[in-house]
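Presented below is the structure to which this report refers.
These numbers were taken from a predicted model, which means no experiment stands behind them. FYI, side chains are in, hydrogens and waters are out, and symmetry mates aren't considered; it's all heavy atoms of this structure.
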Amino acid sequence: MKNIVILISGRGSNMEAVVRAAQSEGWPAKVAAVISNRPDAAGLAFAQARGIPTVVVPSKQFASRAEFDAALQQEIDCFAPDLVVLAGFMRILTGSFVEHYAGRMLNIHPSLLPAFPGLATHRQAIEAGVPEHGATVHFVTAELDHGPVVAQARVDVLPDDTEVTLAARVLVEEHKLYPYAVRLVIEDRLSIEHGVVRVLDTRLADTISH
Ligand code: GAR
């Protein structure tokens, strides 16, 4: 049984989607812990209700990014993670933290990377007038919102879309995309060659619709 540790900062709906899929699809993995950098993260309640250990490492109480990341790493490693899943974890990570989890840390970003890294991605997409937007799951590397892409989900940008309506449609896709991508990693169905992810077995890809 592999261990997944999920990091959140807020609502935690992607964390919830991964937890539900791991349990209902009988993955050979369990969500060993949910860790937040904010004590008020709403997602903590869902994890606690499911009996998943939760930890808060309050980023505001650390003088530097390096000290926070060191404390966070210590907490994460208590759960012997095979995979660390960033699910709306709104922190810029230090190079040594990223290096420590190289090849075993995923992030979901609400855009079709490499388009629109950073914040306010839905506004960026509307202002750029792109016909399509979406979400990307990628391995985390030192460069923010970069790294080998595992999977993407697309939505059309509609003429009357606002940031709110577009974000809501993307989020529906995120909740399918992230469990799909995490499962690919957990089941060792990926290889990374020269920074490009290859899916070794397409059976799973056939079973989801996005
Ligand atoms: C999600 O849309 C996720 O893609 C985004 O934050 C939201 C978190 O929602 N992540 C980022 O912007 C990271 N750069 P959630 O807490 O309900 O999963």
First locate atom CG of Leu72, then atom CZ of Phe62, and finally report the distance between them rounded to the nearest 0.5 Å.
-> 8.5 Å
Side-chain donor-acceptor pair under 3.5 Å between His175 and Ser13, yes or no?
-> yes
How far does CD1 of Ile92 sit from CG of Leu144, to the nearest 0.5 angstrom?
-> 5.5 Å
Please report the shortest heavy-atom distance between Pro179 and Ala21, naming the atom on each side.
-> CB-CB, 3.6 Å
Hydrophobic cluster membership, Ile108 vs Val34, 4.5 Å side-chain cutoff = yes
Side chains of Val85 and Leu7: does their closest heavy-atom pair fall under 4.5 Å?
-> no
Please say which of Val137, Leu106, Asn107 ends up in a side chain to side chain contact (heavy atoms under 4.5 Å, CB included) with Leu86.
-> Asn107
Which pair of heavy atoms, one from Ala32 and one from Phe79, lies closest together, and at what distance?
-> O-CD2, 3.7 Å
Is it true that a side-chain atom of Thr121 and a backbone atom of Pro110 form a donor plus acceptor pair closer than 3.5 Å?
-> yes
Under the 3.5 angstrom rule, does the side chain of Gln124 hit a backbone N or O of Pro117 as a donor-acceptor pair?
-> yes
In terms of hydrophobic clusters joined by side-chain contacts under 4.5 Å, are Val150 and Val18 together?
-> yes
Decide yes or no for Glu174 and Leu171: does some side-chain heavy atom of the first lie under 4.5 Å from some side-chain heavy atom of the second?
-> yes
Any donor-acceptor pair under 3.5 Å from Asn3 side chain to Asp82 backbone | no
Contact check, side chains of Glu132 and Asp156, non-hydrogen atoms, under 4.5 Å | yes
Can you tell me how far OH of Tyr101 sits from CG of Asp77, rounded to the nearest 0.5 angstrom?
-> 3.5 Å
Give, for atom CD1 of Ile52 and atom CG of Leu44, the distance between the pair rounded to the nearest 0.5 Å.
-> 11.0 Å
For Ala135 and Val170, work out which heavy atoms get closest and say how close.
-> CB-CG1, 4.0 Å
Classify the side-chain pair His100/Asp69 by whether it contains a donor and acceptor separated by less than 3.5 Å.
-> no
For the residue pair Glu193 and Ser191, confirm or rule out a side-chain donor-acceptor distance under 3.5 Å.
-> yes
Could you tell me whether the side chain of Thr136 and the main chain of Leu113 form a donor-acceptor pair under 3.5 Å?
-> yes
Heavy-atom closest pair (Ala128 atom, Phe116 atom, distance to 0.1 Å) is CB-CZ, 3.7 Å
Calculate, to the nearest 0.5 Å, the distance between atoms OG1 and CD belonging to Thr141 and Glu99 respectively.
-> 10.5 Å
Report yes or no: do His133 and His122 form a side-chain donor-acceptor pair below 3.5 Å?
-> yes
Ile76 side chain near Phe97 side chain, heavy-atom distance below 4.5 Å | yes
Considering only heavy atoms from C-beta outward, does the side chain of Val57 approach that of Asn37 to under 4.5 Å?
-> no
Between atom NZ of Lys30 and atom CD1 of Ile4, what is the distance when rounded to the nearest 0.5 Å?
-> 10.0 Å
Hey, are the side chains of Lys2 and Leu83 touching, using non-hydrogen atoms and a 4.5 Å cut-off?
-> no
Which heavy atom of Met90 sits nearest a heavy atom of Leu119, and at what distance?
-> CE-CD2, 3.9 Å
Quick check: does any side chain N or O of Thr162 sit under 3.5 Å from a backbone N or O of Thr165, one acting as donor and the other as acceptor?
-> yes
Find out if a path of hydrophobic residues (ILVMFWY) with successive side-chain heavy-atom gaps under 4.5 Å connects Ile186 to Tyr180.
-> yes
Arg50 side chain to Arg20 backbone, donor-acceptor under 3.5 Å | no
Check Ala22 against Ala29 and note the closest heavy-atom contact, atom names and distance.
-> CB-O, 4.5 Å
Going hydrophobic residue to hydrophobic residue with side-chain gaps under 4.5 angstrom, can you get from Val84 over to Val140?
-> yes
Are Val98 and Ile35 linked, directly or through other ILVMFWY residues, by side chains that come within less than 4.5 angstrom of each other?
-> yes
Does Arg91 have any side chain to side chain donor-acceptor pair (under 3.5 Å) partners at least two apart in sequence or in another chain, and if so, which?
-> none
